[in-house]
Each structure stands twice: as C-alpha cells, then as structure tokens.
Amino acid sequence: TYFLRLTAVNVDGSVSSPSSSFRRSSLRTPSQITWTPFATTNFTYPLMSGSTFTNLPLSATSSSSGLGVIFQVSPQGAQIVSGSGSSQAVQFNAPGTYTITAVSGGNSVYDSAPSISQQVTVARGSLEVQVADPTWGNMIRRPYGQPNPSLPGVGFFGNAGPTDIDGSSGFLGGLIGVNGAPGYTTTATLMSPPGVYPITLTPGNLSHAKYDFTFSTNAVLVVTAPTINFNWGGLSQTFNPSGLLPATVSTDPAGLNAT
C-alpha cells in the first residue's frame with residue numbers, strides 16, 4: 001500500500017497551497033481475466049477402455065495484462081493437463097465435485113487479476129453388464145443333466161449420453177478396477193429337457209468406484225441334447241412258448257427312455 005502526498009511549490013521554494021494526499025494499494029495497472037466457463041456444469045464420468053481417461057478441454061482464455069492464464073483444480077481426483085497445442089484441459093480421475101479456477105499473476109507493471117472459479121460435478125458413469133462367453137457370446141451352454149455352470153465371462157457396454165465427457169460408446173470387454181462378480185438365475189433345472197432358457201443377470205457382489213451397473217436381459221442358457229450310451233444286457237435269449245424273453249436296457253445318464 002502506497003501513501004502519496006502532492007504539494008505545489010513556488011519558484012522561490014515556498015509552498016503555494018496546502019498539500020493533499022491519497023492512498024493507493026498499488027502503482028501497477030489492474031488486469032482482468034477473460035474466460036467463458038462451461039455452459040454445462042454436470043457431467044457423467046466417461047466411458048473408458050483400460051486406463052485411458054478422457055480430458056475436458058478448457059475454453060480459450062486471456063488476461064488484459066497479456067501475462068497468460070493458468071488453471072487450477074481442487075480437490076484431488078482431477079488435474080490440469082496440456083490439451084491440443086498450447087491449450088489446457090481438466091482430467092477427471094474419479095467422480096466428484098470439483099472447483100476449477102482461472103488465475104493470472106502480475107508483474108512490475110500489472111496487478112494480479114482477480115481469479116474466476118466454476119464448480120463442476122462429475123457423476124458416476126453407468127455401464128451395462130452383458131454375458132460374454134469367449135465362444136458363444138451371450139449364450140451359456142451346458143449338457144442335459146449337468147448343473148448350471150458359473151458365468152463364463154462378462155463384458156461392459158456404455159451408451160453415450162448428452163453429458164458424457166467424451167461422448168463415446170461401445171463394448172469395453174474388460175474393465176480395470178472391477179471388484180467382485182455378477183451372478184445369474186435361470187428357469188433351467190438339472191433335468192430340464194434340451195432347449196433355450198432365459199437368463200436373468202444379478203448384481204452379485206459386483207462393484208466399481210466410478211461406475212454403476214445395469215444388467216442385460218438378452219442372454220440365454222442352452223441345454224444341449226445328451227449323448228446316450230446304451231448298455232445292452234440279456235441279448236442271449238431263450239425261446240419259450242410265450243415268446244422271446246425281453247432284453248434289458250440301461251442309459252447313461254440314467255432315467256432316459258429307450259425303445
């Protein structure tokens with residue numbers, strides 16, 4: 001802070017009028033940031049493959065001082081990174097509420113510009129869980145008379161929405177950071193005849209720090225026809241007046257009708 005006093009002095013050195021004083025916080029020129037914040041402040045966490053995160057570009061900025069503008073973001077869970085060319089972007093590593101601040105410093109000529117801040121909320125993303133058998137896709141197959149198997153594998157599918165940060169969609173397959181696994185129910189029982197049965201995926205203990213899950217309803221369980229081994233007995237038959245004695249037949253698995 002500076003205190004200035006102005007005094008008019010005559011040529012003979014005498015003071016011609018009372019002095020006056022005023023205070024100014026700086027002798028430097030004020031500066032101002034020009035930044036157009038985001039039109040939308042609520043986003044959905046992006047669909048990502050592997051560990052690649054998508055960046056949200058920050059709009060062009062300037063300062064009346066010409067000293068440039070930098071961005072800061074808090075709390076942890078996001079960071080400022082370089083965008084295309086000399087631009088900057090904010091990288092969200094987790095859902096949450098963040099404050100992005102534009103800052104421009106000063107020098108011997110210009111004051112630091114007043115900062116501009118904007119709050120942005122990034123919601124948890126949503127992925128659909130789908131059955132993903134390596135061979136049969138959305139089908140689970142098992143032979144007749146065998147227990148229903150565990151899920152052979154699942155994949156994750158995302159549909160882009162208007163507030164998705166990167167606007168991407170598609171089938172991810174594997175997803176880093178998944179905990180637990182889903183389950184399923186079906187109307188097929190151990191002795192259900194060969195055919196196609198619906199599957200209902202269930203959450204099980206599936207969880208993720210950044211995504212919520214919905215579950216596909218288009219999967220099926222296919223019970224395949226068994227391979228029957230016939231074990232014949234009593235093939236040496238003796239004729240009697242009432243006819244031939246019948247042969248005996250057993251099946252594997254047991255319980256099948258053989259004629």
Look at the rings of F92 and Y98 and say which category their plane angle falls in: under 30° parallel, 30 to 60° tilted, over 60° perpendicular.
tilted

Step through the shown structure and confirm whether more than 12 heavy atoms of other residues, nucleotides or ligands are within 6.0 Å of CD on Q32.
no

Please determine whether residues V196 and L221 belong to a single hydrophobic cluster, defined as Ile, Leu, Val, Met, Phe, Trp and Tyr linked transitively by side-chain heavy-atom distances below 4.5 Å.
no

Would you indicate whether the side-chain heavy atoms of L151 and V131 approach each other to under 4.5 Å?
yes

Main-chain N/O of S74 paired with T99 side-chain donor or acceptor, under 3.5 Å:
no

N148 side, atom CG; T186 side, atom OG1 - distance, nearest 0.5 Å:
6.0 Å

Quick one: closest heavy-atom pair of S115 and I33, and the distance?
CA-CD1, 4.3 Å

Over 60° means perpendicular and under 30° means parallel, so classify the ring planes of F71 and W35, tilted if in between.
perpendicular

Nearest heavy atoms of A225 and P194, plus distance in Å
CA-CG, 3.7 Å

Hydrophobic clustering (ILVMFWY, side-chain heavy atoms < 4.5 Å, transitive) - are V220 and W136 grouped together?
yes

What one should report as the nearest heavy-atom pair of S64 and P30 is OG-O, 4.3 Å

Is there a side-chain contact between V223 and R142, using heavy atoms and a 4.5 Å cut-off?
yes

Flag, side chain of Q88 to backbone of V69, donor-acceptor distance under 3.5 Å:
yes

So, taking the atom named CE in M191 and the one named CD in Q146, what distance separates them when rounded to the nearest 0.5 Å?
10.0 Å

State, to 0.1 Å, how close L206 and G180 come at their nearest heavy-atom pair, and which atoms those are.
CD1-O, 4.0 Å

I'd like to know whether the aromatic ring centres of Y184 and F215 sit less than 6.0 Å apart in this structure.
no

Below 4.5 Å, heavy atoms only, C-beta onward: do T97 and Q119 meet side chain to side chain?
yes

Any donor-acceptor pair under 3.5 Å linking the side chain of N179 with the backbone of H208?
no

What's the spacing between T29 OG1 and D111 CG if we round to 0.5 Å?
7.5 Å

Just verifying a value: how many Å separate I116 CD1 and I100 CD1, rounded to the nearest 0.5 Å?
13.0 Å

N107 versus S65: any side-chain heavy-atom pair under 4.5 Å?
no

Do you know which two heavy atoms are closest between A78 and V90, and how far apart they sit?
CB-CG2, 4.3 Å

Rounding to 0.5 Å, atoms CD (E128) and CG (D212) come to a distance of 14.0 Å

Any side-chain heavy atom of P147 within less than 4.5 Å of one from L190?
yes

Say whether Y144 and M139 are linked into one hydrophobic cluster, either directly or through other cluster members, by side-chain heavy-atom distances under 4.5 angstrom.
no

Tell me whether I80 shares a hydrophobic cluster with V103, the cluster being built from Ile, Leu, Val, Met, Phe, Trp, Tyr side chains joined at under 4.5 Å.
no

Starting at OG of S63, measure out to CD1 of I70 and round the result to the nearest 0.5 Å.
11.5 Å

Consider only side-chain heavy atoms of I, L, V, M, F, W and Y, link residues closer than 4.5 Å, and tell whether V178 and L127 are in one cluster.
yes

Flag the pair V154 / P182 as yes when at least one side-chain heavy-atom distance between them is below 4.5 Å, and no otherwise.
yes

To check you understand the geometry: which heavy-atom pair defines the closest contact between T224 and P143, and what is its length?
OG1-CA, 3.2 Å

